[in-house]
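Below is one structure, written out as structure tokens; the observations come after it.
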Amino acid sequence: MKVIETRLPGVVVIEPKVFGDSRGFFYESYNADAYREVGIDRIFVQSNVSRSSHGVLRGLHYQWPRPQGKLVSVLEGEVYDVAVDIRRGSPTFGQWAAAVLSADNHRHFWIPEGFAHGFCVLSESAIFSYQCTEVYLPAHDAGVLWNDAELAIDWPLSVPLLSDKDRKAKALAEIDPERLPVYAP
């Protein structure tokens, strides 16, 4: 597998080796030993799948306390996927990185604990897969406003379809610092 660094240390794009022929293709979507060798030594405790239509934007979500690391990929369609560093005291606090994930490029995106995550659907629809390092806890669920002007995320759409929760999220500067993860070098 190939690991592509982003501008956020720890947030990486992973391209698996894909073996294909006229019958189709095969790739290993996760191998604990291979991931450990590249510095991702986590146990995934929950797996989720979502389906979204074109123009849907989900995020920017995080969980605190008991943050979730997420290994995400697209099984069908194409998305623009974003990670935002929201760790208090981090040298990259408020910065973001993005990757296009699709069923065709087979890429995975690793978003460590302490980052907010979101994506928007570029194709007619997309089936999105999440491997999480912590179970979802509704009482710890939180979010950052998708179009926070200070973050200046370069989303590829201007009028997304949003949930009420995502529409009502606060800008990062408006979130109580006690509700944000802490940077631990």
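Nothing here was measured: the structure is a model prediction, and the numbers come from that model.
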When the aromatic ring centroids of Y35 and Y30 are compared, is their separation below 6.0 Å?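 Yes, ring centres under 6.0 Å apart.
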
Do F109 and F119 have their ring centres less than 6.0 Å from each other?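 They do not qualify: ring centres at least 6.0 Å apart.
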
Check T133 against G69 and note the closest heavy-atom contact, atom names and distance.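 Where T133 meets G69 most closely, the heavy atoms are OG1-N, 2.7 Å.
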
Non-hydrogen atoms of G59 and D166 that approach each other most closely: N-OD2, 3.1 Å

Dump the intermediate steps for side chain to side chain contact (heavy atoms under 4.5 Å, CB included) on V100 and V79, then the final yes or no. CA-CA 6 Å; V100 173; V79 307; over 6 Å; no

Cation over ring, R167 on W146, under 6.0 Å and within 45°?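 No cation-pi geometry.
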
Of K70, E134, E113, H117, the residue whose pairing with Q63 passes side chain to side chain contact (heavy atoms under 4.5 Å, CB included):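 Per the side chain to side chain contact (heavy atoms under 4.5 Å, CB included) rule, the option paired with Q63 is E134, out of K70, E134, E113, H117.
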
Linking I/L/V/M/F/W/Y whenever their side-chain heavy atoms sit closer than 4.5 Å, directly or via other members, would Y62 and L172 fall into one cluster?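 Yes, Y62 connects to L172 through the hydrophobic network.
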
How long is the span from the NE2 atom in H106 to the OG atom in S29, to the nearest 0.5 Å? 11.5 Å

Between R66, K165, R179, which is the residue that forms a salt bridge (charged side-chain N to carboxylate O under 4.0 Å, His left out) with D141?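 For D141, the salt bridge (charged side-chain N to carboxylate O under 4.0 Å, His left out) check succeeds only for K165.
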
Worked check of side chain to side chain contact (heavy atoms under 4.5 Å, CB included) between L75 and F128: CA-CA 6 Å; L75 304 175; F128 195 83; over 6 Å; no

For atom NZ of K17, decide whether the heavy atoms of other residues, nucleotides or ligands shown that lie under 6.0 angstrom number more than 12.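 Result for NZ/K17: open.
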
Mark yes when over 12 heavy atoms from residues, nucleotides or ligands other than E124 sit less than 6.0 Å from its CD; otherwise mark no. no

Full working for side chain to side chain contact (heavy atoms under 4.5 Å, CB included) between F26 and V18: CA-CA 6 Å; F26 168 86; V18 179; over 6 Å; no

Side chain to side chain contact (heavy atoms under 4.5 Å, CB included) between V84 and V144, intermediate numbers included: CA-CA 9 Å; V84 179; V144 177; over 6 Å; no

